[in-house]
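In this chain, residues are counted from 1 in sequence order. The structure displayed is predicted, hence computed values, not measured ones.
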Amino acid sequence: MKILILNGPNLNLLGRREPAIYGNLTFDQFFEGLKKKYADVALYYFQSNVEGEIINKLHEVGFSFDGIILNAGAYTHTSIAIGDAIKGIETPVIEVHISNVYAREEFRHVSYIAPNAKGIIAGFGLQSYELALESFI
Ligand code: DQA
């Protein structure tokens with residue numbers, strides 16, 4: 001089973017960025033643990049701060065992978081283009097968020113990913129990614 005975790009803008013700063021909201025662990029530390037725990041799954045990781053690169057990655061894997069776990073960061077709330085890309089590919093996408101976006105500012109309550117996603121997981125810290133992965137297995 002081939003699964004991609006795709007992180008959007010500012011998520012390269014995990015571990016340093018607003019730790020009260022996003023925690024102290026870097027994504028690389030978390031990802032190493034995840035790969036060990038799910039050794040039977042071919043897990044890939046890609047992060048970009050650039051909207052077009054996220055779209056290119058969705059196109060690249062979206063006809064051959066079994067699942068995509070997408071945290072589009074703030075692009076979740078703004079990007080019609082990422083929403084359209086998800087609509088255009090075959091691989092199911094699960095939208096994840098580390099924080100509970102619905103308990104935060106109102107602009108975070110809007111998602112251009114959700115209408116085209118298989119499901120949404122938010123508010124469980126980095127465990128949100130693991131719950132999404134479990135749902136694909
Ligand atoms: C986030 C929530 C977004 O609103 C925010 O812009 C992020 C991170 C999360 O994982 O909680 O960058 O996607």
Colleague: Ignoring hydrogens, what is the shortest heavy-atom contact between Pro9 and Ala72? Give both atom names and the distance.
Modeller: CD-O, 3.4 Å
Colleague: Under the salt bridge (Lys or Arg N to Asp or Glu O under 4.0 Å) rule, what pairs show up with a residue in residues 64-81, not counting sequence neighbours?
Modeller: none
Colleague: Do Glu95 and Thr76 have side-chain N/O donor and acceptor atoms under 3.5 Å apart?
Modeller: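 Judged by distance alone, the side chains do not pair up.
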Colleague: Are Ile69 and Leu6 close enough, and set up right, to give a side chain to side chain contact (heavy atoms under 4.5 Å, CB included), and what steps lead you there?
Modeller: CA-CA 6 Å; Ile69 298 167; Leu6 181 50; over 6 Å; no
Colleague: Are the side chains of Ile5 and Ile68 in touch, meaning some heavy atoms are under 4.5 Å apart?
Modeller: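 Result no, sub-4.5 Å side-chain heavy-atom pair not found.
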Colleague: Looking at every non-hydrogen atom in both residues, tell me the closest pair between Asn24 and Pro19 and how far apart they are.
Modeller: OD1-CB, 3.5 Å
Colleague: Please list every donor-acceptor pair under 3.5 Å in which a side-chain atom of residues 121-137 meets a protein atom from a residue at least two apart or in another chain.
Modeller:
residue, atom, partner, partner atom, Å
Ser128, OG, His97, O, 2.9
Ser128, OG, Phe124, N, 3.2
Ser128, OG, Gly125, O, 3.1
Tyr129, OH, Asn7, OD1, 2.7
Tyr129, OH, Asn71, ND2, 3.1
Glu130, OE2, Lys37, NZ, 2.6
Glu130, OE2, Tyr38, OH, 3.0
Glu134, OE2, Tyr38, OH, 2.6
Ser135, OG, Ala132, O, 2.7

Colleague: Among residues at least two apart in sequence or on other chains, which ones pass salt bridge (charged side-chain N to carboxylate O under 4.0 Å, His left out) with Glu105?
Modeller: Arg108
Colleague: Do Val96 and Tyr22 belong to the same hydrophobic cluster, where Ile, Leu, Val, Met, Phe, Trp and Tyr are linked whenever their side-chain heavy atoms lie under 4.5 Å apart, directly or via other members?
Modeller: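 In one cluster: yes.
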Colleague: So, using side chain to side chain contact (heavy atoms under 4.5 Å, CB included) as the criterion, who are the partners of Lys87 when residues are at least two apart?
Modeller: Asp84, Asn116
Colleague: Among residues at least two apart in sequence or on other chains, which ones pass side chain to side chain contact (heavy atoms under 4.5 Å, CB included) with Glu60?
Modeller: Lys57
Colleague: With heavy-atom distances below 4.5 Å as the criterion, would you say the side chains of Ile55 and Ile82 are in contact?
Modeller: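 Ile55 reaches Ile82 side chain to side chain.
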Colleague: I need the minimum non-hydrogen distance between Ile21 and Ser99, along with the two atoms involved.
Modeller: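 For Ile21 and Ser99, the tightest heavy-atom pair comes out as CG2-CB, 3.8 Å.
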Colleague: Strictly by salt bridge (Lys or Arg N to Asp or Glu O under 4.0 Å), give each pair with a member in residues 5-27 just once, sequence neighbours left out.
Modeller: none
Colleague: With clusters defined by side-chain heavy atoms of hydrophobic residues (ILVMFWY) lying less than 4.5 Å apart, directly or transitively, does Ile3 cluster with Ile94?
Modeller: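 Linked within one cluster.
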Colleague: Would you please name every residue forming a salt bridge (charged side-chain N to carboxylate O under 4.0 Å, His left out) with Glu32, sequence neighbours left out?
Modeller: Lys35
Colleague: Determine which pairs satisfy ring-ring contact (aromatic ring centres under 6.0 Å, His included) with at least one residue from residues 98-117, sequence neighbours left out, and list them in order.
Modeller: Tyr102-His109
Colleague: Among residues two or more places apart or on two chains, list those pairs meeting ring-ring contact (aromatic ring centres under 6.0 Å, His included) that have a residue in residues 41-77.
Modeller: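 Pairs touching residues 41-77 that pass the test: Phe27-Tyr45, Phe31-Tyr45, Tyr44-Phe65.
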Colleague: Does one side chain, of Asn49 or Glu51, offer a donor that lies under 3.5 Å from an acceptor on the other?
Modeller: no
Colleague: Tell me every residue that passes salt bridge (charged side-chain N to carboxylate O under 4.0 Å, His left out) with Lys2, counting only those two or more places apart in sequence or in another chain.
Modeller: none
Colleague: Using side chain to side chain contact (heavy atoms under 4.5 Å, CB included) as the criterion, list what pairs up with Ala74, not counting sequence neighbours.
Modeller: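 In terms of side chain to side chain contact (heavy atoms under 4.5 Å, CB included), with neighbours along the sequence ignored, Ala74 is linked to no residue.
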Colleague: Side chains of Leu43 and Leu34, heavy atoms from C-beta outward: is any pair under 4.5 Å?
Modeller: yes
Colleague: For Glu53 and Ser48, which heavy atoms make the closest approach, and how far apart are they?
Modeller: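 Nearest heavy atoms, Glu53 then Ser48: OE1-OG, 2.6 Å.
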Colleague: Below 4.5 Å, heavy atoms only, C-beta onward: do Asn10 and Leu14 meet side chain to side chain?
Modeller: no
Colleague: To the nearest 0.5 angstrom, please state how far the NZ atom of Lys118 sits from the CG atom of Leu70.
Modeller: 14.5 Å
Colleague: So, using side chain to side chain contact (heavy atoms under 4.5 Å, CB included) as the criterion, who are the partners of Gln29 when residues are at least two apart?
Modeller: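 Gln29: side chain to side chain contact (heavy atoms under 4.5 Å, CB included) contacts with Leu25, Thr26.
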Colleague: Using the rule that two of Ile, Leu, Val, Met, Phe, Trp, Tyr join whenever any of their side-chain heavy atoms come within less than 4.5 Å, decide whether Ile113 and Ile80 are in one cluster.
Modeller: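 No.
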Colleague: Looking at side-chain heavy atoms only, is the closest gap between Leu11 and Ile98 below 4.5 Å?
Modeller: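 Sidechains of Ile98 and Leu11: in contact.
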